[in-house]
Amino acid sequence: MGFMTKKAFITGITGQDGAYLTHLLLTKGYEVHGLMRRTSQFNNARIQELCGHLPLPGGASLEERLFLHYGDSTDSLNITTLVEDIQPDEIYNLAAQSHVKVSFEMPVYTCDVDALGTLRILEAVRQARLTEKTHVYQASTSELFGKVQEIPQTEKTPFYPRSPYGVAKLFAYWMTVNYRESYGMFASNGILFNHESPFRGETFVTRKITLAVARILNGLQSHLELGNMDAKRDWGHARDFVEAMWRILQHDEPGDFIIATGEQHSVREFVTLAFEFVGIPIRWEGTGLEEVGIARVPFLSADGKAVGFVPGHGLGNVPMEERVVVKVNPDFFRPAEVETLLGNPEKSRSVLGWNAQTSFPQLVHEMMEYDLRKIHAD
Ligand code: NAP
Ligand code: GDD
């Protein structure tokens, strides 16, 4: 019998995780279908950069393996039609308005996409009579734990979401459980803790930091403004975490899995490590709104051209000064904050054989390296 190519349907394919997951599935020989929003300019830069020149199994071309479909998680008919047409073996529901702070500004839209959008996927599988064939992965989140009731968090820790985003994801979590229990569907939740990469959106704190530090080291930005620097997160690498998504759908039984590193760091520690990547120490002074980070960095560029840190060459003889490089700006505070998240990944280790491969310093270094090169390429 010939080798059967598995078909995967990824919503949110243009996002950080969508791009890494596409890379993983293409290298495993999958036919990948993705839901892509219509935007005024093409929005597939991450997929292009990660997968554009990927050698595929059997010498297949990208055009033979990757299919992007216009659509939107808020459009029930579109979702149902696509699921019926594609008849996927696996669905990865990654589409979401994924920014926690933005969800306070757009709560209704966030719930439409993140909560009802998940229901639309589950119901489309049922309507298409695919409940016995299609495995569904739901992108659940450590934001479900919000005001944490236990440290570290496990699959049994009670939920206490702290944002419209978290509440919408709670609905999606339970709908996934409900379709599994009601219709025997293979529907699983991956409860993923924060995961980052050079392809992280630029308004999430890690990428905001690495981009800003790269600009400061090249004289293109005077300082970085942040909100709550005491917040602690369990930060892993997106490349490792999409491997866990795939493993969840290959397991014998559906279920709910924490995916985390088991280690946490504060926002302040992330900033410190980003500067230390190029050997620059940062000194923290003051508290609360008055807290600042001070470092010796290149003067601001007079003509807006990058001067300073050149990857592979270091800082060279650029004139330097000591100045405030980090300030607190309350505009970046949230109406309700999630102060601390720390996952216990024991179940995914023992049941799925999954382990995070990338350490916290490796993650920060990879992001800094990428953004320093980006500054000089732009
Ligand atoms: P991301 O980079 O923000 O990507 C979100 C994706 O969803 C993008 O492809 C986006 O399309 C798409 N999308 C947004 N609204 C949509 C709509 N109305 N219809 C169709 N697609 C829509 O997020 P990510 O970091 O890759 O995260 C992937 C998923 O995992 C999300 O569900 C997120 O909530 C969840 N999650 C993430 C983390 C994390 O730390 N990264 C942790 C736990 C859970 P555009 O490109 O057009 O905007
Ligand atoms: N974005 C941002 N910008 N966050 C800041 C800033 C800032 O200037 N300053 C401090 N923070 C703090 C936030 O208050 C939060 O406590 C922490 O940094 C992390 O913020 P984000 O990077 O925006 O991520 P998040 O933890 O709120 O949400 C991400 O992780 C969730 C999983 O726990 C998103 O990817 C969610 O989609 C995901 O579910």
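Just so we're clear, the structure is a prediction, and the values are computed from it rather than from any experiment. The basis for the numbers below is simple: all heavy atoms, side chains too, and nothing from hydrogens, waters or symmetry mates.
Thr134 places no side-chain N or O within donor-acceptor distance of the main-chain N or O of Glu90, the cut-off being under 3.5 Å. A donor-acceptor contact shorter than 3.5 Å is absent between the side chain of Asn189 and the backbone of Ile191. For Arg46 (side chain) and Ala19 (main-chain N/O), no donor-acceptor pair under 3.5 Å exists by modelled atom type. Judged by distance alone, with hydrogens and angles left aside, the side-chain atoms of Asp240 form a donor-acceptor pair with the main-chain N or O of Thr358 at under 3.5 Å. Under a 3.5 Å cut-off, the side chain of Arg296 and the backbone N or O of Pro281 do not form any donor-acceptor pair.
The residue from Asp112, Asp114, Asp75 that alone fulfils the salt bridge (Lys or Arg N to Asp or Glu O under 4.0 Å) condition with Arg120 is Asp112.
You'll find the ring centres of Trp354 and Phe257 outside the 6.0 Å limit. Ring centroid separation for the pair Phe241 and Phe193 does not come in under the 6.0 Å cut-off. Close placement of the Phe159 and Phe145 rings is indicated, their centers lying within 6.0 Å of each other. Annotation: His365 is in aromatic contact with Phe277 [ring centroid separation under 6.0 Å].
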Original post:
Which is it for Tyr165 and Thr141 under the side chain to side chain contact (heavy atoms under 4.5 Å, CB included) test, yes or no, and what are the steps along the way?
Top reply: CA-CA 10 Å; Tyr165 169 81; Thr141 163; 3.9 Å; yes
**OP:** Dump the intermediate steps for side chain to side chain contact (heavy atoms under 4.5 Å, CB included) on Thr261 and Trp235, then the final yes or no.
**Re:** CA-CA 7 Å; Thr261 70; Trp235 276 302; over 6 Å; no
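Residues His223 and Glu225 have side chains that bring a donor and an acceptor to within less than 3.5 angstrom of each other. Gln362 and His237 form no side-chain donor-acceptor contact under 3.5 Å, judged by distance and modelled atom types alone. Under 3.5 Å, the side chains of His69 and Asn78 contain no donor-acceptor pair of N or O atoms. For the residue pair Thr5/Glu31, the side-chain donor-acceptor check at 3.5 Å is not satisfied. At a cut-off of 3.5 Å, with distance as the only test, a side-chain donor of Thr206 or Glu196 sits close to an acceptor on the other residue. Side-chain atoms of Glu346 and Thr154 form no donor-acceptor pair, as typed in the model, at a separation below 3.5 Å.
Other residues, nucleotides and ligands contribute more than 12 heavy atoms inside 6.0 Å of the NZ atom of Lys133. Annotation: Asn317, atom CG; neighbour count of heavy atoms from other residues, nucleotides and ligands within 6.0 Å does not exceed 12. For Phe67, the CZ atom counts as densely surrounded, since its 6.0 Å shell holds more than 12 non-hydrogen atoms of other residues, nucleotides or ligands. The local environment of CD in Gln250 is crowded, with over 12 non-hydrogen atoms from other residues, nucleotides or ligands closer than 6.0 Å. The 12-atom threshold is exceeded at CD of Glu321, counting heavy atoms of other residues, nucleotides or ligands nearer than 6.0 Å.
No continuous path of hydrophobic side-chain contacts links Val324 to Leu300 [ILVMFWY only; heavy atoms under 4.5 Å]. Connection of Tyr173 to Leu116 is not established within any shared hydrophobic cluster, with ILVMFWY side chains joined at heavy-atom distances below 4.5 Å, either directly or through further cluster members.
Residues Asp371 and Arg215 are not paired through a salt bridge, judged by the lack of any N-O separation under 4.0 Å between the basic side chain and the carboxylate. A salt bridge is defined here as a Lys NZ or Arg NE, NH1 or NH2 lying under 4.0 Å from an Asp or Glu carboxylate O, and Glu243 with Arg239 fails to meet this definition.
With sequence neighbours excluded, the residues that form a salt bridge (charged side-chain N to carboxylate O under 4.0 Å, His left out) with Glu291 are Arg268. Not counting sequence neighbours, Arg162 has no partner by the salt bridge (charged side-chain N to carboxylate O under 4.0 Å, His left out) test. Listed by chain and number, the residues in a salt bridge (charged side-chain N to carboxylate O under 4.0 Å, His left out) with Lys232 amount to none (sequence neighbours excluded).
Side-chain contact between Trp246 and Lys28: present, with at least one pair of heavy atoms (C-beta onward) separated by less than 4.5 Å. Between Ile79 and Glu123 the shortest side-chain heavy-atom distance does not fall below 4.5 Å.
For Ile91 against Val125, the heavy-atom pair with the smallest separation is CD1-CG2, 3.6 Å.
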